[in-house]
S.K.: 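Take this structure, written in structure tokens, and hold onto it; I'll ask about it next.
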Amino acid sequence: MKIQFHETRVSPSDLELAGDVAGVPRGATVYARRSDLVALPQTYFTVSDDSNFTGPTKVSGVLLEDLLRDLGAAPGAEMVVAISSDKYHGNYPREYIAAHHPLLVLEVNGKPPEGWPKDSSGSGLDMGPYMISHAKFAPSFKILAHEDEAQIPWAVIRLEFRDEKAVFGAIAPRGPHANDANVLAGNRIAQQNCFRCHNSGGEGGRKSGVSWTALAALAAGSPKFFSEYVRGPASKNPRTQMAASREYDDATMHALIEYFSTFASPEAR
């Protein structure tokens, strides 16, 4: 079943769609009505390991892999980027979609977004109009101390259907050490973790307001501070919203520092 595209938004529940989608001009944004999404074949399950909920919760919606098919995504556009209202990016490359089958949530406990629980941090924020969840998440890889992590953004307002090589190419390591094992490990970790909130040019999240170039300068110029910030950001900035990665051991931090240093200017090293 094909989704009808609309050129204008008429409701806050309209979902923005962009990227390499059949019938959508390059660079354009179109909108899907919530009613059209609900009319698609729905997947139902009870999730018990999603930290956005305080206990077992019934959710329903459309699998991202089905949206890729139903929207007529162009060959090569096998990556979905879910963008939240705060500019957080949930990145779903082909490998992640195949392993975890993420769901675009349309209803929670049988209710539309206005009946959803508030965010689990206690800030009283709405988690609609859309969010992403999984029936059950089991990590599919581990690199050093970084284990594959569920990508479960809420307040999602936009989906982009992209070429994975183009998106991740923006943060591919540079220079003579680009293919070093430690640098490649750091790159893989940064793709799933750092890229959600930090941007490199036009790619990546913008929630933090701190660019890839700034991270690179910090990692290369102040590696001790960089490590301490990643492991315990609130100790350096009490107002930060960044989650701590306390599990990252010295080897993991070394890989990240080596990776980000490939972007730094010689003066910053």
Side-chain angles (χ1 to χ4, degrees), residues 12 15-16 18-19 27 29 51-52 79-93 118-132 146 149-160 162 166-174 186-246 248 252-253 255-265 267-269:
L15 179 65
E16 297 179 20
T29 295
S51 61
N52 287 323
M79 178 176 184
V80 181
V81 181
I83 302 175
S84 298
S85 57
D86 62 1
K87 301 181 182 179
Y88 177 101
H89 282 207
N91 296 304
Y92 303 92
K118 302 298 183 182
D119 73 294
S120 59
S121 73
S123 300
L125 300 175
D126 291 335
M127 292 201 292
Y130 300 96
M131 61 192 306
I132 308 289
H146 176 84
E149 183 180 354
Q151 306 300 301
I152 47 174
W154 45 271
V156 171
I157 59 172
R158 179 181 179 92
L159 295 183
E160 294 184 354
R162 304 290 309 283
V167 175
F168 285 149
I171 58 168
R174 304 171 183 176
N187 179 31
R188 185 72 176 87
I189 294 167
Q191 284 179 2
Q192 188 172 76
N193 190 343
C194 317
F195 206 37
R196 297 178 290 190
C197 294
H198 300 275
N199 71 293
S200 178
E203 303 291 355
R206 295 175 179 270
K207 180 176 180 178
S208 74
V210 179
S211 71
W212 221 250
T213 303
L215 290 179
L218 184 61
S222 303
K224 183 175 183 293
F225 182 90
F226 179 84
S227 296
E228 292 172 347
Y229 200 104
V230 170
R231 288 168 169 161
S235 68
K236 303 297 181 182
N237 178 9
R239 300 178 64 182
T240 186
Q241 297 183 51
M242 178 176 166
S245 296
R246 297 183 182 88
Y248 283 8
T252 305
M253 289 309 312
L256 280 171
I257 289 167
E258 286 196 18
Y259 160 69
F260 274 110
S261 294
T262 70
F263 295 87
S265 65
E267 295 78 15
R269 298 176 188 172

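Quick caveat: nothing in here was measured; it's all calculated off a predicted structure. We use all heavy atoms of the structure for the numbers below, so side chains are in, but hydrogens, waters and symmetry mates are not.
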S.K.: Drop me the distance from Q241's CD to S208's OG, to the nearest 0.5 angstrom.
M.R.: 10.0 Å

S.K.: Do W154 and S84 have side-chain heavy atoms sitting under 4.5 Å apart?
M.R.: no

S.K.: Within a strict 4.5 Å, meaning less than it, do heavy atoms of the N187 and F168 side chains meet?
M.R.: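 No; the side chains remain at least 4.5 Å from each other.
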
S.K.: Supply the atom-to-atom distance E203 CD to R162 CZ, rounded to the nearest 0.5 angstrom.
M.R.: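 E203 atom CD to R162 atom CZ measures 4.0 Å (nearest 0.5 Å).
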
S.K.: Which heavy atom in P129 sits nearest to a heavy atom in P12, and how many Å separate them?
M.R.: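 That closest heavy-atom pairing would be CG-O, 3.9 Å.
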
S.K.: Could you give the distance from CG (N52) to CE (M127), rounded to the nearest 0.5 Å?
M.R.: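 N52 CG to M127 CE: 5.5 Å, rounded to 0.5 Å.
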
S.K.: Could you pull out the closest heavy-atom pair between S85 and I157, with the gap in Å?
M.R.: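 Looks like CA-CD1, 3.9 Å.
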
S.K.: Indicate yes or no for a side-chain donor-acceptor contact from D119 to the backbone of S121 under 3.5 Å, with no hydrogens or angles considered.
M.R.: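 Yes, the answer is positive, given that a donor and an acceptor are paired below the 3.5 Å cut-off.
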
S.K.: Is any side-chain heavy atom of Y259 less than 4.5 Å from a side-chain heavy atom of I189?
M.R.: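 Y259 does not reach I189 side chain to side chain.
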
S.K.: Report yes if the side chains of R158 and T29 come closer than 4.5 Å at any heavy-atom pair, otherwise no.
M.R.: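 Yes, close enough: below the 4.5 Å cut-off.
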
S.K.: I'd like to check M242 versus Y229 (side-chain heavy atoms, cut-off strictly below 4.5 Å). Are they in contact?
M.R.: yes

S.K.: Should Q192 and Q151 count as side-chain neighbours, where that means a heavy-atom distance under 4.5 Å?
M.R.: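 A side-chain contact exists here, since the closest heavy-atom pair is under 4.5 Å.
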
S.K.: Rounded to the nearest 0.5 Å, what's the gap from CG on L256 to OH on Y248? Could you check?
M.R.: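 Spacing of CG (L256) from OH (Y248) equals 6.5 Å.
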
S.K.: Atom CG of N199 and atom CH2 of W212: how far apart are they, to the nearest 0.5 Å?
M.R.: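 Interatomic distance, N199 CG to W212 CH2, rounded to 0.5 Å: 9.0 Å.
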
S.K.: Step by step, work out the side-chain contact (heavy atoms from CB on, under 4.5 Å) result for F195 and H89.
M.R.: CA-CA 8 Å; F195 206 37; H89 282 207; over 6 Å; no

S.K.: Enter the distance from N91:CG to E160:CD here, rounded to the nearest 0.5 Å.
M.R.: 10.0 Å

S.K.: Does the S123 side chain pair with the main chain of L125, one donor and one acceptor, at a distance under 3.5 Å?
M.R.: no

S.K.: Verify, without hydrogens or angle tests, whether S200 (side chain) and I171 (backbone) share a donor-acceptor contact under 3.5 angstrom.
M.R.: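 Pair absent, no side-chain N/O of S200 close to backbone of I171.
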
S.K.: Kindly give the heavy-atom pair with the smallest separation between M131 and V156, and that separation in Å.
M.R.: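 Here M131 and V156 meet closest at CA-CG2, 4.2 Å.
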
S.K.: What closest approach, in Å, do G232 and A244 show between heavy atoms, and which atom pair accounts for it?
M.R.: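 Between these two residues, the closest heavy atoms are CA-CB, 4.3 Å.
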
S.K.: Would you name the heavy atoms of Y88 and C197 that are closest together and state the gap between them?
M.R.: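 Y88 and C197 have their closest heavy atoms at CD1-SG, 3.6 Å.
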
S.K.: Taking all heavy atoms of S51 and all of I152, pick out the closest pair and write down the distance.
M.R.: OG-CD1, 3.4 Å

